[in-house]
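See structure below.
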Amino acid sequence: MPNMRSDKNPMPEQAADVRNKNFLEVTTGYTVEMALDEAERCLNCKNKPCMQGCPVSVKIPEFISLIKEKDFEGAYQKIKETNALPAVCGRVCPQEKQCESKCVRGIKTEPVGIGRLERFAADYHMAHVEDKIEIPEPNGKKVAVVGSGPSGLTVAGDLAKMGYAVTIYEAFHTAGGVLMYGIPEFRLPKDIVQKEIENLKKMGVDIETNVIIGKTITIDELFEDMDYDAVYIGSGAGLPSFMKLEGENLNGVYSANEFLTRINLMKGYKFPEYDTPVYIGKNVAVLGGGNVAMDAARCAKRLGAENVYIVYRRSMNELPARREEVMHAEEEGIEFRLLENPTRFIGDENGWVSQMETIKMELGEPDASGRRRPEPIEGSESVTDIDTVVVAIGQTPNPLIRKTTKGLETNKRGCIVADEETGKTSRDHIYAGGDVVTGAATVILAMGAGKAAAKAIDEELQGK
Ligand code: FAD
Ligand code: SF4
C-alpha cells in the first residue's frame, strides 16, 4: 500500500537568517528515512506520465522503486542510463514544470518529490561509491567540442565512451560553463561539477582551458590544421543584454554575467582569501525576474547588502524564475518590486551610480509571447537610492563564432540554426546544441542536445 501522505517530505534547509550570510548549500538533502518515506508515495504508474515530462526520459518509476528497495546505488545507475549529471539535475532542474508537473499524485495533492529523490540517489552514490571509469578502445576518430557547459560535457562523455578522442576547448580558466560561473555555490556546490569533470578526464577527454574558439583557433583551423573529424559547438549564451538606459554605463552597474562570474568563478565571496573582491553597496537593485536575477540578488544579500530589490516589470504570475528560488529569495529578505521598470540611473560626482528612477507598470493585452504586455503608468515615476545595479534581463550567444565561421547559419537572435534531433548545422561535420542554439534555456535541455548530437556524430563518422 503506497504512502498516501498528501505533501512531499519537506527538504531540510539552513534557516533563512543564517544562510543569507553564507555561501553553503541552502538545502541539505533527504536523509535515508525521508527518501524511503517519499519513495513510498510513488504509485509506480504503468503508463509513467512523469517520464513524459522529462526531456531526457529518466526512468522515474524504476529508479524510485529501487529506492523503495533500499538499492540506492541501483537507483543512481538507473538515472545515469539517460542522465549524465544526476547530482546537478536533482538540484537545478525545473522539476515543477517537467516530471513533477505530470505526476498523478499532483492532481489532488503534491506530486512525488522526484527531483529530491534524484538528488538523494546521486548524493548517496557520491558519498559511498567509488566511480568505476572504463577506458574505451580508441576508434581512431577525433572530435573537438567548443565549450564545457552541460551540453559540451555531455557530448564529450558520450563520444569518449564510444572510443572517440575528444578535446574540449574552453574560453575560461575552469571547465563547467554556467554550472561553474553562473549558478552560485549555495545552489550547486562546485565540487559536484568538478567531480564529473575529473571523471571525464579519467575517461581520456582532454580539456584545454583558456582557448577562445574564433580567436585563439578558428573552427576551420580545427579541421584544416588539426584534423578533427567533427566539431560540436556548445558555447552557450554568454552575451548579456542591457536595457540601453541613460546612466547604464555608470560605475556600479554590472551585467549579471560579470557580477556572478566575479563571485562564483573568481571566488569573490571568499575575499580576502581570494584577492578578487566584488564591490557591493548598501542598496542593490537587480533588474529582471529569471533564475539569473534570483541568483544575483541572493549573492548580493550574502555579500552584505542591506536592501536588495528585484525590479520586474510584470507581476509575480509572469515571473519566470523557479518558484522554489523565489520563495527562498523572499525568505532571505529580498524585496520584490513588481510591476515597476527602471527609466534611468543617476550618478554621483565620481561617476558611480547613486540613484535609480523607476516607473510603475500595469498589464495590458497579451503580446507576441502570450504574456500580458506591461505598460507604463504615466506620471508614476519615483527615485530610489542605489549603489549597485545588476542587469539580469537576458543573454544571447556571443557573436565571435558566427563571425569567424563562414557558412554557419544563424537566426536573427544570433543563435546557431541546428536540427533539433541531431544538432546538425548548415556546415558539414559541424554540430551545435544547448543555449547557443535555443537561446538561454535549461541545463537538462543543453544536456539532451549534447546526447542527441553524440549519437548523430557517431552515426555520421561510422557511416551508419
Ligand atoms: P554554458 O553552460 O553557457 O557553457 C558554455 C561554455 O562555453 C562556457 O563555459 C563558455 O565559457 C564557453 N565558451 C563560450 N564561447 C566560447 C568560445 N568561443 N571558445 C571556447 N569556449 C567558449 N538552468 C536550469 O536548468 N536550472 C537553473 O536553476 C538555472 N539557473 C541558472 C542561473 C544562472 C545564473 C544562469 C546564467 C543560467 C541558469 N540556468 C539554469 C540555465 C543553464 O545554466 C543553461 O541553460 C546551461 O548552462 C546551458 O548549457 P550550455 O552547455 O549550452 O552552455
Ligand atoms: Fe510515481 Fe508520480 Fe511517476 Fe506515477 S507519475 S510513477 S506516482 S512519480
Side-chain angles (χ1 to χ4, degrees), residues 2 39 41-55 60-65 88-89 91-95 97-100 102-107 111-114 117 145-155 168-184 187-188 208-219 233-240 256-257 259-261 264-265 290-296 299 321-322 324-325 392 395 397-401 404 432-447 449-450:
R41 293 186 66 231
C42 173
L43 306 171
N44 202 1
C45 309
K46 278 215 166 54
N47 55 347
K48 309 173 186 185
C50 47
M51 266 185 74
Q52 288 151 27
C54 175
I60 295 166
E62 279 104 317
F63 99 72
I64 297 181
S65 295
V88 173
C89 292
R91 286 172 164 81
V92 305
C93 265
Q95 292 103 5
K97 290 190 191 144
Q98 298 175 350
C99 51
E100 292 182 17
K102 308 269 188 231
C103 172
V104 294
R105 289 295 304 258
I107 298 171
V112 173
I114 301 169
L117 289 172
V145 174
V146 184
S148 62
S151 191
L153 295 177
T154 305
V155 79
I168 300 181
Y169 293 100
E170 167 56 50
F172 274 132
H173 63 274
T174 304
V178 170
L179 307 181
M180 287 303 292
Y181 81 76
I183 303 181
R187 276 213 299 133
L188 177 63
E208 301 288 333
T209 51
N210 298 314
V211 179
I212 305 176
I213 298 297
K215 212 166 204 166
T216 327
I217 321 168
T218 64
I219 294 213
I233 306 171
S235 49
L239 186 74
N257 210 302
F259 185 69
L260 289 169
T261 302
N264 296 315
L265 195 69
N291 287 327
V292 183
M294 297 307 128
D295 284 344
C299 282
R322 292 189 65 196
E324 185 177 297
E325 305 310 330
Q395 301 102 243
N398 188 302
L400 188 61
I401 290 180
T404 54
D435 280 7
V436 73
V437 169
T438 55
T442 60
V443 169
I444 194 77
L445 288 175
M447 286 172 55

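Whatever order the structure lists ligands and atoms in, that order sets their numbers, starting from 1. Index from 1, following the sequence.
- Nearest to atom 15 (N) of ligand 1 among the protein's heavy atoms is S235 CB, 3.4 Å.
- Atom 2 (Fe) of ligand 2 has as its closest protein heavy atom C103 SG, 2.4 Å.
- In L153, neither the side chain nor the backbone holds a heavy atom less than 4.0 Å from any atom of ligand 1.
- One option in I183, V211, T218 has a heavy atom closer to atom 40 (C) of ligand 1 than any other, and that option is I183.
- Within the 4.0 Å heavy-atom shell around ligand 1 one finds P150.
- Residue V292 has no N or O atom closer than 3.5 Å to an N or O atom of ligand 1.
- Shortest contact from atom 22 (C) of ligand 1 to any protein heavy atom: A171 CB, 3.8 Å.
- Closest heavy-atom contact between C54 and I60: CB-CD1, 4.4 Å.
- Taking every heavy atom of L260 and a limit of under 4.0 angstrom, the matching atoms of ligand 1 come to 34 (C).
- For ligand 1 and D435, the ligand atoms under 4.0 Å from any heavy atom of the residue are 44 (C), 45 (O), 46 (C), 48 (C), 52 (O).
- For the pair R322 (side chain) and C93 (backbone), a donor-acceptor distance under 3.5 Å is present.
- Heavy-atom proximity to C50, at under 4.0 Å, picks out these atoms of ligand 2: 3 (Fe), 5 (S), 6 (S), 8 (S).
- Of all atoms in ligand 1, numbered sequentially from 1 with element shown, those under 4.0 Å from a heavy atom of F172 are 11 (O).
- Contact annotation for R187 and ligand 1: only side-chain heavy atoms (C-beta onward) come within less than 4.0 Å of the ligand.
- The proximity of V146 to ligand 1, defined as any non-hydrogen pair under 4.0 Å, is limited to the side chain.
- By the 4.0 Å heavy-atom criterion, G234 is counted among the residues contacting ligand 1.
- Between the side chain of T218 and the backbone N or O of G214 there is no donor-acceptor pair closer than 3.5 Å.
- Residues S151 and D435 are not in side-chain contact: their nearest non-hydrogen atoms beyond the backbone lie 4.5 Å or more apart.
- The distance from atom OG1 of T209 to atom NE2 of H173, rounded to the nearest 0.5 Å, is 8.5 Å.
- Atom 25 (O) of ligand 1 has its closest protein heavy atom at V443 N, 3.0 Å.
- Set against the non-hydrogen atoms of G434, the atoms of ligand 1 under 4.0 Å away are 52 (O).
- Among the atoms of S151, some N or O lies under 3.5 angstrom from an N or O of ligand 1.
- V436 approaches P397 most closely through the heavy-atom pair O-CG, 3.8 Å.
- Close approach of ligand 1 to Y169 (heavy-atom distance below 4.0 Å) involves ligand atoms 20 (C), 21 (N).
- Within the 4.5 Å cutoff, the side chain of L239 has heavy atoms near those of the P399 side chain.
- Looking only at heavy atoms of the protein, atom 7 (O) of ligand 1 is closest to G147 CA, 3.2 Å.
- Taking both residues in full, the closest heavy atoms of P150 and A446 are given as CG-CB, 4.3 Å, listed atom of the first, atom of the second, then distance.
- Remark: the backbone N or O of M294 is not paired with any side-chain donor or acceptor of E325 at under 3.5 angstrom.
- Shortest contact from atom 4 (O) of ligand 1 to any protein heavy atom: G149 CA, 3.4 Å.
- Atoms of ligand 1 found under 4.0 Å from any heavy atom of G177, numbered from 1 in the order shown, are 2 (O), 4 (O), 8 (C), 9 (O).
- When side chains are defined from C-beta on, C50 counts as touching P61, because their heavy atoms get closer than 4.5 Å.
- Neither the backbone nor the side chain of L179 has any atom closer than 4.0 Å to an atom of ligand 1 (non-hydrogen atoms only).
- For ligand 1, the atoms sitting less than 4.0 Å from at least one non-hydrogen atom of I212 are 18 (N), 19 (N), numbered in the order shown with element in parentheses.
- A heavy-atom separation below 4.0 Å is found between A441 and ligand 1.
- Expressed to the nearest 0.5 Å, how far CD1 of I183 lies from CZ of R91 amounts to 11.5 Å.
- Residues Y181 and T174 fail the side-chain proximity criterion, which asks for heavy atoms closer than 4.5 Å.
- In terms of heavy-atom proximity, Q95 sits nearest to C89 at NE2-O, 3.1 Å.
- For the pair I213 and I219, the minimum side-chain heavy-atom distance is below 4.5 Å.
- Considering only non-hydrogen protein atoms, atom 3 (O) of ligand 1 sits nearest to V178 CG2, 3.4 Å.
- Regarding atom 4 (Fe) of ligand 2, its nearest protein heavy-atom neighbour is C45 SG, 2.3 Å.
- Atom 7 (S) of ligand 2 has its closest protein heavy atom at L43 N, 3.3 Å.
- Under 4.0 Å from ligand 1, the heavy atoms of D295 that appear belong solely to its side chain.
- Protein heavy atom closest to atom 1 (Fe) of ligand 2, with residue, atom name and distance, is C42 SG, 2.4 Å.
- Compare K97, E208, E170 by their heavy atoms: the one nearest to atom 10 (C) of ligand 1 is in E170.
- Between the N264 side chain and the G182 main chain, a donor and an acceptor come within less than 3.5 Å of each other.
- Taking the side chain as every heavy atom from C-beta outward, T216 and Y169 never approach each other to under 4.5 Å.
- Contact atoms of ligand 2 toward P61: 6 (S) (distance under 4.0 Å to a heavy atom of the residue).
- Nearest non-hydrogen protein atom to atom 53 (O) of ligand 1 is G236 CA, 3.4 Å.
- For the pair I64 and N44, the minimum side-chain heavy-atom distance is 4.5 Å or more.
- With hydrogens and angles ignored, the 3.5 Å screen pairs no side-chain donor or acceptor of R105 with any backbone N or O of E100.
- In terms of heavy atoms, A296 sits closest to F259 at O-CE2, 3.5 Å.
- At least one N or O atom of V92 sits closer than 3.5 Å to an N or O atom of ligand 1.
- Between A237 and ligand 1, no pair of N/O atoms sits closer than 3.5 Å.
- Considering each of I213, I444, L239, the one bringing a non-hydrogen atom nearest atom 17 (C) of ligand 1 is I213.
- Listed by atom number, the atoms of ligand 1 under 4.0 Å from I401 heavy atoms are 18 (N).
- Between M180 and S148 there is no side-chain heavy-atom pair separated by less than 4.5 Å.
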